[in-house]
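Before any comments, here is the structure.
Only this structure's heavy atoms are used, side chains among them; waters, hydrogens and symmetry mates stay out. Order of the sequence lines sets the chain letters (A, B, ...), proteins ahead of strands, with each chain counted from 1. Keep in mind it's a predicted model, so treat the numbers as computed, not measured.
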Amino acid sequence: MLDLKLIRENPDLIKEKLKARNMKIEPVDSIIKLDLKRREFISEVEKLKGLRNNVSAEIAKIKKEGLNADEKIADMKKVSDNIKELDEKLADAENEIDNFLRDIPNLPDNSVPLGKTSDDNVQFRIWGEKASGDFKYLDHVELGKKLDILDFGIGAKISGSGFPFYRGKGAILERALINFMLDTHKSNGYTEVLMPFLVNRTSMEAAEKVPKFEEDMYRTEPDDLFAIPTAEVPIVNIHRDEIMDAKHLPVKYCGYTACFRREAGSYGKDTKGFLRVHQFNKVELINFCLPEDSYAQMEEMLNHACGILEMLNIHYRIVNVCTGDMGFAANKQYDIEVWSPAENKWLEASSVSNCTDFQSRRAMIRFKRDKKTEYVHILNGSGLATSRLYVSLIESNQTPEGKIIVPKSLQKYTNFEIID
RNA sequence: GGAGAGGUGGGUGAGUGGCUCAAACCAACGGUUUGCUAAACCGUCAUAGGGGGUUAACCUCUAUCGAGGGUUCGAAUCCCUCCCUCUCCGCCA
């Protein structure tokens, strides 16, 4: 959620930033008009409430003396009716403003490249080299079938397409990746958490996922709970409605969850195997920090995510995500993409975002300094999602015979060196 | 699922219609005292929004006692609905 005061005082800046994100700018003027109305209602109704409070105190005094206060009571009845009417108008204005605000994304930082789609993202760093064996690389679906470690048909039978199923060493490899990532992040100073996979509406709203993206979520009908699209949602909500101790910032969490996404509207795109799924596993990093630290924390978080890939010897690149492709709550975003030798393309495996105070304002996550309350900055980063990483890992490490060599750093987690 | 109890500021906890515009204590912070520590004493001690202001300190108003409605001139307090927590019973991994 953007700061209403910022919109009121810098409408031109807001419009410029929204244009950069290919958003309509009309809501800005609507909000400013509504805000003007809102503040008129507030001063009017508060004046009346002040009057009522004073006269009610007088009535109490008069009654104590045993005198008659009927006239004042009658007057105040009218005032109270008036207040009720004005309160309703005020609430309407506030709701209208909020409806606009819920549709407006975070403003992009100046370092974010301008653009419309992922084609306009700018490569920022690249590490490692493409697997270049002198044989035809099998894709992960073929490998999975040949080695009997992945079975998308079974997943579809149980749940539907896009629900992966792992077997034997395939399942162990997945579990090994998760444990390896969690242990590594723990040693980098993150507190590990294990959390609910279903969250209530308030938590989804605080993380700015709902109502804007409600169509993309799995939702349980009788209880109005949402299957989390990312661990970011429960972790951000740990500190909802809290004033954090500034001495303890930055506060860093890592946690594993399954992630659920309906991917409504993207049917027919990247449908093969793991490339686009409804359920996947992810280890998430979240950082609550001082506003002035957030960009430095972002670089650090990026390095923590990349560190995993380097230890696994996976060829990756980082792109600076452009204004048109950034996430709703992000002020700046890096995507980490891993190389798939069989698809011959880059696959997004992580996204590191600085959400500045956008979520913390909605979620009321603050800290205090010099007697003033300020919003913390919140960053999230995948560290990382396993599905596409899995693709890159098994494809890149395959032998000409179609076996998979487990990277050294993972072997103590898998307790085997080869999948054959 | 059934029965009961309860939700008050960072914590404990008083408060059943009007000097409660939430007592007291603890924690925290600032200060005095002190050779140092401790103790004692004094002070500060919510959040959000509006208005004023030398737009900073500050002043002022309004709202907030789980959430939302209602009754009333006036609600932490009375009524209704919902949510949550605890205890017991049932079921169950």
Any-strand Watson-Crick or G-U partner of A76(B), both distances under 3.5 Å:
none
According to the Watson-Crick and G-U wobble definitions, with both distances under 3.5 Å, which nucleotide is paired to G90(B)?
none
Complementary nucleotide of A56(B), counting Watson-Crick and G-U pairs under 3.5 Å
none
Whole-angstrom distance between U54(B) and A46(B), as gauged at atom P
27 Å
Using atom P of each nucleotide, how far apart are G2(B) and C61(B) to the nearest Å?
49 Å
Is it the case that K169(A) places NZ or CZ above or below the six-membered ring of F416(A), under 6.0 angstrom from the centre and within 45 degrees of the axis?
yes
Does the structure show a Watson-Crick or G-U wobble partner for A28(B), both distances under 3.5 Å? Name it, or say none.
U44(B)
Rounding to an integer number of angstrom, what distance separates A24(B) and C86(B) when you compare their P atoms?
32 Å
Is the ring pair F163(A)/Y218(A) parallel, tilted or perpendicular, if the boundaries are 30 and 60 degrees?
tilted
Assign R361(A) to base, sugar-phosphate, or nothing according to its heavy-atom contacts below 4.0 angstrom with the strands shown.
nothing
For nucleotides G68(B) and U64(B), find the distance between their C1' atoms and express it as a whole number of Å.
14 Å
Between Y253(A) and E284(A), is any side-chain donor less than 3.5 angstrom from a side-chain acceptor?
no
If I pick the C1' atom on G1(B) and the same atom on U8(B), what distance separates them, to the nearest angstrom?
31 Å
Show, in sequence, the C-alpha distance, side-chain angles and deciding distance for E395(A) and L138(A), and conclude whether the side-chain contact (heavy atoms from CB on, under 4.5 Å) test is met.
CA-CA 7 Å; E395(A) 286 182 2; L138(A) 298 178; over 6 Å; no
Between F367(A) and F288(A), does the ring centre distance come in under 6.0 Å?
no
Which part of the nucleic acid, if any, lies within contact of K63(A), taking any heavy atom under 4.0 Å across all strands shown: a base, the sugar-phosphate backbone alone, or nothing?
base
Mind checking the C1' distance from G43(B) to U47(B)? Whole angstroms is fine.
22 Å
Could you check which residues of residues 77-85 of chain A get a heavy atom under 4.0 Å from RNA chain B? Sort them by number, please.
K77(A), S80(A), K84(A)
Report which part of the nucleic acid I42(A) touches: base, sugar-phosphate, or nothing (heavy-atom distance under 4.0 Å, all strands).
sugar-phosphate
Using a cut-off of 4.0 Å on non-hydrogen atoms, how would the nucleic acid contact of N53(A) be classed: base, sugar-phosphate, or nothing?
sugar-phosphate
Using the C1' atom as the reference point in each nucleotide, state the distance between G69(B) and A75(B) in Å, no decimals.
14 Å
Mate of G6(B) where both pairing distances stay under 3.5 Å, Watson-Crick or G-U
C84(B)
Name the residue closer to the 5' end of RNA chain B, choosing between K64(A) and L51(A) according to the nucleotide with the nearest heavy atom.
K64(A)
Q411(A) atom CD, neighbour heavy-atom count above 12 within 6.0 Å
yes
Whether the Y256(A) and E192(A) side chains hold a donor-acceptor pair (N or O, under 3.5 Å, no angle test) is what I'd like checked.
no
Closest-nucleotide ordering on RNA chain B, the 5'-leading residue of I59(A) and S43(A)
S43(A)
On a heavy-atom basis, the closest approach of Y390(A) and I149(A) is OH-CD1, 4.2 Å
Partner lookup for A38(B), please. Criteria are Watson-Crick or G-U wobble with both distances under 3.5 angstrom; report none if nothing qualifies.
none
Reading RNA chain B from 5' to 3', where do the contacts with chain A start and stop? Cut-off is 4.0 Å to heavy atoms.
G18(B) to G74(B)
Mind checking R8(A) for me? I need base, sugar-phosphate or nothing, with any heavy atom below 4.0 Å counting as a touch.
sugar-phosphate
Taking the six-membered ring for Trp, are W346(A) and W339(A) parallel (under 30°), tilted (30 to 60°) or perpendicular (over 60°)?
perpendicular
Distance check, P atoms only: G6(B) and U62(B), in whole angstrom units.
33 Å
Does a side-chain N-to-carboxylate-O contact under 4.0 Å join E221(A) and R219(A)?
yes
Between the side chains of D357(A) and R366(A), is the shortest nitrogen-to-carboxylate-oxygen separation below 4.0 Å, so that they form an ion pair?
no
